[in-house]
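The structure appears below as structure tokens.
These numbers come from the heavy atoms of this one structure, side chains and all, not from hydrogens, waters or symmetry mates. Labels below follow one simple rule: chain letters A, B, ... track the order of the sequence lines, proteins then strands, and each chain is numbered from 1.
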Amino acid sequence: KKDIFMETFENIAMNFRRIFSQLSDGGSADLLLDEDNPLEGGLMIKAKPVGKNPQYIELMSGGEKTITALSFIFAIQRYQPAPFYILDEIDMFLDDDNIRKVSELIKNSSKEAQFIVVSLREHLMTSASQLFGVSIEEGVSKIVGVELEEVAD
Amino acid sequence: KKDIFMETFENIAMNFRRIFSQLSDGGSADLLLDEDNPLEGGLMIKAKPVGKNPQYIELMSGGEKTITALSFIFAIQRYQPAPFYILDEIDMFLDDDNIRKVSELIKNSSKEAQFIVVSLREHLMTSASQLFGVSIEEGVSKIVGVELEEVAD
Amino acid sequence: IKISRLSLRNFKSFKRISIPIPDGFTAIVGPNGSGKSNIIDAICFVLGRSSAKSLRAERFSDLIFNGGKKGKPADKAEVTLYLDNSGMEIPSQPKEIKIYRSVDASGNSIYKLNGKRTTRSEILEILSAAKIQPDGHNIILQGDITRIIEMSPLERRAIIDEIA
Amino acid sequence: IKISRLSLRNFKSFKRISIPIPDGFTAIVGPNGSGKSNIIDAICFVLGRSSAKSLRAERFSDLIFNGGKKGKPADKAEVTLYLDNSGMEIPSQPKEIKIYRSVDASGNSIYKLNGKRTTRSEILEILSAAKIQPDGHNIILQGDITRIIEMSPLERRAIIDEIA
Ligand SMILES: Nc1ncnc2c1ncn2[C@@H]1O[C@H](COP(=O)(O)OP(=O)(O)OP(=O)(O)O)[C@@H](O)[C@H]1O
Ligand SMILES: Nc1ncnc2c1ncn2[C@@H]1O[C@H](COP(=O)(O)OP(=O)(O)OP(=O)(O)O)[C@@H](O)[C@H]1O
Ligand SMILES: [Mg+2]
Ligand SMILES: [Mg+2]
């Protein structure tokens with residue numbers, strides 16, 4: 001039981017370090033066990049964005065917390081992949097630069113699984129391989145399937 | 001006591017109707033007292049976006065709820081104005097179209113009071129009369145005061 | 001395994017649509033209130049979510065199309081999810097798996113697997129063979145990112161425990 | 001009455017800055033983590049907020065500049081708010097009102113009004129004459145819009161009661 005937990009933890013912690021570094025242009029982050037109680041205590045997240053001191057996730061800004069939380073979610077998915085992912089406005093705290101990085105990550109991950117992503121932000125839409133436009137008239141929703149080439153106009 | 005409440009309520013309800021209609025291109029909304037218990041019960045919000053049936057705020061989408069909630073906040077401010085307003089990323093659920101409408105409302109309201117607005121969205125920034133750009137290097141934040149003409153390039 | 005198509009009939013603001021879901025990265029875009037999150041609710045619904053609240057509805061009957069501005073309210077809501085099982089990830093099932101769920105005005109759900117009536121627990125069993133759960137960490141609903149950000153150290157650990 | 005300037009010294013990620021606040025609509029922009037919300041925290045701090053949590057800090061001493069990557073941590077954080085009272089909205093005060101608050105490493109705050117030491121309650125009294133409160137509805141912090149959206153009917157009523 002203990003061994004399985006440690007193996008899972010080590011794996012996810014490694015993925016987490018790699019993904020955070022990719023999303024933050026070279027920053028570093030760690031998933032830490034509670035030193036006093038490694039087998040039952042909680043998991044802390046400490047991250048060091050580029051040019052800053054290491055800090056716990058609780059002290060970060062909204063956008064920095066989002067990048068760190070998404071790194072954790074994607075680190076889990078790398079270890080135990082699901083066939084598809086559904087993400088509804090995960091980019092709401094992100095600036096345009098971070099949106100580009102997150103959409104790169106989604107684009108790369110979408111080689112192994114389907115991603116269905118709802119977004120209001122242009123920098124995310126343009127990375128998708130296909131777009132569906134939704135509209136509503138007289139209370140009835142409609143969908144327009146738009147190939148990406150069309151959007152590029 | 002009862003009279004003062006009703007006078008305040010009527011005033012704010014009227015502002016609310018007007019502001020919601022402005023923000024939603026002609027939709028209508030109402031602030032409703034609890035019929036069974038008008039003096040102690042809660043206030044319901046019912047809104048009818050253009051082309052839809054009237055609905056309670058609880059059933060709306062994230063963006064529709066934001067427009068309705070902001071109409072309520074601005075309706076209060078019209079009745080009891082404060083000297084300044086501080087808004088930090090109130091636009092996170094809004095699409096670009098709704099951001100333009102909210103920034104128009106802020107722009108108009110800023111004739112009577114100061115508005116200090118933090119935003120990541122371009123369509124909000126461009127309505128401001130002055131912009132401050134914040135950056136951070138080696139863990140120390142800096143501010144660059146940018147006149148709006150410069151941004152327009 | 002992957003999703004090949006999603007069909008909605010009288011589900012929330014949709015009357016009748018059938019959406020092909022391609023491989024790779026699909027973005028759903030559109031103005032506020034147009035029905036984007038309703039599509040996500042439809043997927044959670046057909047996968048067997050048991051709480052109306054998590055589908056942003058007071059009661060299950062709120063999921064039934066209310067007719068919009070001009071039409072008549074429908075009497076039931078139906079969603080069908082088509083899964084491409086050509087890789088036989090779920091060996092006991094055909095190459096194309098059809099999962100159907102409806103709900104009527106009194107809130108009763110009917111599940112069907114490949115056209116034949118079945119139970120929610122059979123659907124969940126089939127899906128878990130392909131690592132699909134109605135409330136897995138692979139589904140982040142609108143606003144949920146705040147919950148994930150504010151997760152406590154113990155909640156984070158519980159996720160790893162579940163996987164181990 | 002209006003805000004004419006805000007000065008920060010060793011407050012969160014700021015070493016020393018003085019920001020003129022013009023009339024009208026001012027936007028604060030910049031990348032994630034650059035310090036935008038820290039400016040808003042400084043305003044809430046100097047207006048007398050009494051909870052460190054609402055300033056996104058565990059303890060008040062977390063508000064003191066930690067030195068960044070290269071520098072030494074400071075020993076206190078200071079914020080000064082300059083109010084333009086030329087319209088004499090607060091008759092008892094001069095044309096320019098200076099409100100100062102500092103906090104030291106043990107979490108003790110010192111308030112000053114126009115350079116002279118005073119108490120938090122005197123500051124709150126002066127400000128309320130101009131309808132300024134440290135936690136008024138005219139201040140919507142990051143993420144707060146979700147709380148306002150999810151307000152219950154009774155909470156909405158309580159706001160109107162307060163005003164009446
Ligand atoms: N049973 C129903 N019948 C008809 N319309 C419904 C039903 N349930 C919900 N709706 C409508 O669906 C609309 C919301 O759709 P949805 O939440 O999907 O919007 P969205 O595109 O995600 O918007 P946002 O960008 O603001 O998040 C609401 O206006 C709501 O009234
Ligand atoms: N006492 C302190 N000393 C130095 N830096 C601090 C201190 N307190 C907080 N910070 C830093 O300030 C940064 C966050 O700033 P802030 O929350 O203002 O960002 P923001 O510009 O609002 O970002 P976002 O767009 O993501 O909301 C964090 O990286 C945090 O580490
Ligand atoms: Mg939505
Ligand atoms: Mg911020």
Side-chain angles (χ1 to χ4, degrees), chain B residues 4-5 7-9 12 31 34 40-45 57 62 65-66 68-70 72-73 76-77 79-90 92-93 106-107 110-111 113-120 124-125 127-136 138-143 145, chain D residues 1-3 12-15 17 19-40 43-44 65-71 89 130-133 136-146 148-157 159-161 163-164:
Chain B
I4 301 175
F5 175 81
E7 195 232 320
T8 309
F9 170 74
I12 290 176
L31 213 51
D34 182 346
E40 263 136 42
L43 280 184
M44 321 296 263
I45 291 182
I57 187 172
K65 281 180 179 172
T66 300
T68 313
L70 288 176
F72 182 57
I73 293 288
I76 294 167
Q77 306 308 3
Y79 182 67
Q80 195 183 53
F84 61 83
Y85 300 107
I86 296 174
L87 309 172
D88 193 346
E89 296 192 25
I90 57 165
M92 60 193 203
F93 290 111
I106 294 173
K107 200 171 180 149
S110 71
K111 299 192 183 92
Q114 287 170 303
F115 276 79
I116 300 170
V117 182
V118 175
S119 173
L120 300 170
L124 202 119
M125 301 175 195
S127 304
S129 32
Q130 50 269 336
L131 274 193
F132 286 115
V134 186
S135 65
I136 191 160
E138 306 200 317
V140 185
S141 291
K142 306 205 179 325
I143 288 199
Chain D
I1 201 162
K2 45 186 184 232
I3 301 178
K12 287 204 166 188
S13 56
F14 290 93
K15 255 184 164 157
I17 54 153
I19 318 171
I21 307 281
D23 286 1
F25 181 179
T26 302
I28 299 177
V29 300
N32 288 145
S34 54
K36 301 182 298 294
S37 296
N38 288 347
I39 297 171
I40 308 300
I43 298 174
C44 293
F65 177 55
N66 67 15
K69 215 159 154 58
K70 297 220 164 114
E89 287 89 343
K131 299 210 198 322
I132 300 172
Q133 292 167 339
H137 297 293
N138 57 326
I139 301 176
I140 301 181
L141 300 180
Q142 189 171 354
D144 258 10
I145 192 75
T146 318
I148 292 170
I149 287 174
E150 311 294 352
M151 226 188 260
S152 75
L154 281 173
E155 284 171 308
R156 281 180 212 127
R157 183 207 181 84
I159 293 180
I160 309 273
D161 277 338
I163 293 167

Leu124(B) vs Phe25(D) side-chain heavy atoms within contact, under 4.5 Å: yes
What are the two closest heavy atoms between Phe65(D) and Gly139(B), and how far apart are they? CE1-O, 3.7 Å
Checked Gly68(D), Ala130(D), Gly35(D), Ser13(D) vs chain B; the most non-hydrogen pairs under 4.5 Å come from Ser13(D)
Considering only heavy atoms, which portion of Ile21(D) lies under 4.5 Å from any heavy atom of chain B: side chain, backbone, both, or neither? both
Choice from Thr8(B), Thr66(B), Leu43(B) maximising heavy atom contacts with chain D below 4.5 Å: Leu43(B)
The reported gap from CG in Leu87(B) to CD1 in Ile40(D) (rounded to nearest 0.5 angstrom) is 8.5 Å
Is it the case that more than 12 heavy atoms not belonging to Lys142(B) sit under 6.0 Å from its NZ atom? yes
To check you understand the geometry: which heavy-atom pair defines the closest contact between Ala164(D) and Phe5(B), and what is its length? CB-CA, 3.9 Å
Measuring heavy-atom distances to chain D, does Ile57(B) have an atom under 4.5 Å in its side chain, in its backbone, in both, or in neither? side chain
Would you say that more than 12 heavy atoms from the other residues, nucleotides or ligands in this model lie under 6.0 Å from the CD of Glu40(B), or not? no
Asn32(D) versus Leu120(B): any side-chain heavy-atom pair under 4.5 Å? yes
Applying a strict 4.5 Å limit to non-hydrogen atoms, the region of Gln80(B) in contact with chain D is side chain
Out of Ile132(D), Ile1(D), Ile3(D), which one racks up the most heavy-atom pairs below 4.5 Å with chain B? Ile3(D)
Measuring heavy-atom distances to chain D, does Met92(B) have an atom under 4.5 Å in its side chain, in its backbone, in both, or in neither? side chain
Output yes when a side-chain donor or acceptor of Ser34(D) lies under 3.5 Å from a complementary backbone atom of Ile136(B), and no otherwise. no
Could you give me the CA-CA distance, side-chain angles and deciding distance for Ile140(D) and Tyr85(B), then say whether side-chain contact (heavy atoms from CB on, under 4.5 Å) is met? CA-CA 8 Å; Ile140(D) 301 181; Tyr85(B) 300 107; over 6 Å; no
Interface moiety of Lys111(B) toward chain D, non-hydrogen atoms closer than 4.5 Å: neither
If one checks every heavy atom of Ile45(B) against chain D at 4.5 Å, the contacting part turns out to be both
Min side-chain heavy-atom separation Val134(B)-Ile28(D) under 4.5 Å: yes
Taken to the nearest 0.5 Å, the spacing of Asp23(D) CG from Gln130(B) CD works out to 8.0 Å
If I compare all heavy atoms of Gly24(D) with all of Ser129(B), which pair ends up nearest, and what's the gap? C-OG, 4.2 Å
What's the spacing between Ile116(B) CD1 and Ile19(D) CD1 if we round to 0.5 Å? 8.5 Å
What part of Ile17(D) gets closer than 4.5 Å to chain B, counting heavy atoms only: side chain, backbone, both or neither? side chain
With chain D, the option among Ala69(B), Ser119(B), Gly41(B) that has the most non-hydrogen atom pairs under 4.5 Å is Gly41(B)
Which atom names give the shortest non-hydrogen contact between Asn138(D) and Ala82(B), and what distance separates them? ND2-CB, 3.6 Å
Output the distance between atom CD1 (Ile90(B)) and atom CD1 (Ile145(D)), rounded to the nearest 0.5 Å. 6.0 Å
Measuring from Ile159(D):CD1 to Ile73(B):CD1, what's the distance to the nearest 0.5 Å? 5.5 Å
Would you compute the distance between atom NZ of Lys36(D) and atom CZ of Phe132(B) and round it to the nearest 0.5 angstrom? 15.0 Å
Check whether Gln114(B) reaches the backbone of Pro22(D) with its side chain - one donor and one acceptor, N or O, closer than 3.5 Å. yes
Honestly, the part of Ile4(B) sitting under 4.5 Å from a heavy atom of chain D is both
With a 4.5 angstrom heavy-atom cut-off, is it the side chain or the backbone of Ser135(B) that approaches chain D, or both, or neither? backbone
